[in-house]
Each structure stands twice: as structure tokens, then as C-alpha cells.
Protein chains: 2
Amino acid sequence: MPEPGSSPERKRRLVVLAGPTAVGKGTVAADIRAHHPEVWISVSATTREPRPGEQNGVHYWFVSTEEFDRMVADGELLEWAVVHGRNRYGTPRQPVDLALASGQPALLEIDLQGARQVRETMPEALFVFLEPPSWEELVRRLVGRGTEGEAERERRLATAREELAAQAEFDVSIVNREVHAAAEELVALMELDAGTAAP
Amino acid sequence: MPEPGSSPERKRRLVVLAGPTAVGKGTVAADIRAHHPEVWISVSATTREPRPGEQNGVHYWFVSTEEFDRMVADGELLEWAVVHGRNRYGTPRQPVDLALASGQPALLEIDLQGARQVRETMPEALFVFLEPPSWEELVRRLVGRGTEGEAERERRLATAREELAAQAEFDVSIVNREVHAAAEELVALMELDAGTAAP
């Protein structure tokens, strides 16, 4: 809540949306992109191949592993992670700096590992956890339907447990019952947040 | 022209659109933004105030003089210039790097001073000069209608002469007879350019 007497200055905090694998972060971000052009959403760099419909520079920057590693080495990423032991994802730092410096509401949609890194360097950000409507169903999906080997099931169960536990690290949770409603809740939080700039 | 046997790889060159003051660079860029979402256009940072209809993060990043100077000091701008002795404009470096590394057609719409700086650091870019349909009319507009003092008229005339002379430094000229036609010519050049990646 904005404190009484807080100034209406343009200063914004970064808002970080994270949550368990497959909870629907990307879909919520796409809904905000469609309905709220005033919200700037960070475009992650990734080494994975584009999927059909994904546009370079809009959904991701699709770069080579060599270019990604160069950005890591040169400190050009705010956070980065290797997902599923294979593909790298990261947040280019300068666009985020520009958004914050110019008072633009700015959103990062990243994974849990990435959110932890952002907390290290930007603890003043607002961390929003996207929660599945049913943990049981999400765990069932993450762990699989028994067609994998025991080791793989154990690995996935451990990941699911870790992702469940992460919720406690966040400032706010939004339940992703319906995508558009979750997106609107997030935008409302960002607007509210603009009034509570840290001193 | 693409050389025979040139590979169809994704590598792109940066395309720089520059030209005299008031020739209509921004209007041409806006036309490309409206009709060619596949062309990525650099968003300049500036210290001037937004004009009505200008959106932060879309048309410019509106930042403070302090933030601008920090970016200059930290080497975060590809080029920058002080325009009309007052406002600073510059191109954030990382988004351009990301566009080029990911094979995205990328356009910079900047002033002549900025174009010269880009040639120093990225001589492989394609430099496109936007030419007025009539130099006489442009000079008349730049120099003013005789309501200024003699010193001011002389200063503006010198600027106009310098801007005229700059055309020789460019790879290609496009005459801005009609905005949409000029925009389409530029996009066609960018597409052509994609086939002529430097070895």
C-alpha cells in the first residue's frame, strides 16, 4: 500500500514474476503484453531454438552459446540459469537499467534460480510467485505418469519439492486460476508498487 | 547486391539511417515500426522531455542527465550527441549487440554526429542518408525566415552546409519524397543487405 504522503514520483521498482516449471508464467506475460503495452517486459536471451510463433526480439533474443557465454563473462546479464541441464536463459542488464531509470513499469518473467540471483543484486525488487491452482496436479505433471525410470522420477520429485518450498522466499503470491485474471492482478500490483518507491 | 554464391546465413549488418535536421527520419522510422514489426528499431536514450504521444521505452528512453552521463562514462552507449547544444541523445549498446547476434534486422535512426561515431566503431554497418526532395526548401527551413539575428542565421547556414556535405560519407541515399515509399525502400535495402553478410 502506498504510504500516506508518499510522493507521486516516477520511481519504480523492478517486478519479478517467477514460479514452478509449467505453472504458466509465459502465458501470463503474453497476456500482459497483449493488454498492457505500457508495461515493459524484459526480453530474455536464450540459447534454445525458437518455437513456432516465437519472434526474435519480442519473446526472446535467440543467440548462440558462444554469444551467451561472452555476455556472462562480460557481466552483461542480470541473472542467468541453465534450464533442464541444457539451455541457457538470461536477462540482459542494460534494458532493465533503462526501464528503471526512465520510470517505466518493468517486469521480469524468469525461473526460480534467476529470481534468487536478482534478489542478491536487487533486493529492492518486488518478487511475485505464480502459484498453481492445485499443487497436487502440478506435482503429478512434473513427476510424470510413471513411464520414466525410478531415478528420473526421484529427480523430478526433488525439483517439485524445491519449487514448492521456494514460495516462502517471495513477497507476494498470485494463484494462476485463470490467465487473464492473474495477469490483471499482477499489473494492479505493479501500479500499486509505483506509489511505494523505496526512500 | 548479394554476391553470387553468398550464403543465406542469418548474419545481418547494422543499418544506420541518418540525414539532415528536419528531413523526416523519425517519421520514416515510425512508418517502418507500423508496417514492419520484423524490423527491430533501436530505442535511443534522451534527456529531453517526452512530447505528447511519445511512449517511454517505445520511442525513447527518457532518462535524467545524471543517468545519461553515467551511461557515457560506463561505455554503455554506441554513440551519443548533444543536439541543439542542449539535449543529449544516445544509442544503448546492449540491445544493438543482441539484435545483431541473434540475426535480427536492426535499424538505428540517429543524427549525423552519431552516424560518424558508429562508423568509427562499426565500419561494416550500412549507412543510409535520408535526402530531402529539395535541398533549397530544407535550407530555407533550417536557416529560418529572417526573423532571427544575423549571427543565428549564420550559425544555421553553417549547420545546413555541413549537413549537405555529409551525404558523401554515406553508402546509399534515399530521397524522402513520400514517407511510406522511403520506408519501404529502406526495408528493401535491409532485406537485400541480409544476403551480403561480410565474410
Side-chain angles (χ1 to χ4, degrees), chain A residues 9-12 14 33-34 36-50 53-78 80 88-107 194, chain B residues 9-12 14 33-34 36-50 53-78 80 88-107 194:
Chain A
E9 61 186 353
R10 294 197 311 170
K11 189 165 174 63
R12 305 269 180 173
L14 186 64
R33 196 179 283 117
H36 292 278
E38 79 281 7
V39 173
W40 180 84
I41 305 180
S42 164
V43 180
S44 295
T46 183
T47 59
R48 77 156 164 79
E49 289 297 307
E54 282 182 341
Q55 199 185 333
N56 190 31
V58 174
H59 301 95
Y60 289 95
W61 292 110
F62 296 99
V63 300
S64 66
T65 303
E66 292 67 33
E67 175 63 12
F68 196 99
D69 290 349
R70 187 201 61 76
M71 289 193 287
V72 170
D74 290 350
E76 294 183 1
L77 300 178
L78 189 60
W80 67 280
R88 295 163 169 78
Y89 292 79
T91 301
R93 184 189 298 276
Q94 191 180 23
V96 174
D97 289 345
L98 283 163
L100 296 180
S102 64
Q104 185 71 12
L107 178 64
Chain B
E9 61 186 352
R10 293 196 311 170
K11 189 165 174 62
R12 304 269 182 174
L14 186 64
R33 196 179 283 116
H36 292 278
E38 79 281 8
V39 173
W40 179 84
I41 304 180
S42 164
V43 179
S44 296
T46 183
T47 60
R48 77 157 165 78
E49 290 296 308
E54 283 183 340
Q55 199 185 334
N56 191 30
V58 174
H59 301 95
Y60 289 96
W61 291 110
F62 297 99
V63 301
S64 67
T65 303
E66 293 67 33
E67 176 63 12
F68 197 100
D69 291 349
R70 187 201 61 73
M71 289 193 287
V72 171
D74 290 351
E76 293 182 2
L77 300 178
L78 189 59
W80 67 280
R88 294 163 168 79
Y89 292 79
T91 301
R93 185 188 297 276
Q94 191 179 23
V96 174
D97 289 345
L98 283 162
L100 295 180
S102 64
Q104 185 72 12
L107 178 64

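Below, chain A is the first sequence line, B the second, and so on; all start at residue 1. Nothing here was measured: the structure is a model prediction, and the numbers come from that model.
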* **Winner by heavy-atom pair count (cut-off under 4.5 Å) against chain A, out of Val43(B), Leu98(B), Asp97(B), Val58(B)** =>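 The candidate making the most pairs under 4.5 Å is Leu98(B).
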* Structure fact -> Rounded to the nearest 0.5 Å, the OG atom of Ser44(B) sits from the OH atom of Tyr60(B) at a distance of 6.0 Å
* Side chains of Met71(A) and Arg88(A): closer than 4.5 Å at any heavy-atom pair? ->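 Counting from C-beta outward, Met71(A) and Arg88(A) never come under 4.5 Å.
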* With only heavy atoms counted, which part of Glu76(B) is less than 4.5 Å from chain A, the side chain, the backbone, both or neither? -> both
* **For the student: nearest non-hydrogen atoms of Trp40(A) and Gln104(A), plus distance** => CB-CG, 3.5 Å
* To do: Measure across Pro92(B) and Trp61(B) and return the closest heavy-atom pair with its distance rounded to 0.1 Å.
  => CG-CD1, 4.5 Å
* Asked: Is it the side chain or the backbone of Gln55(A) that comes within 4.5 Å of chain B heavy atoms, both, or neither?
  -> side chain
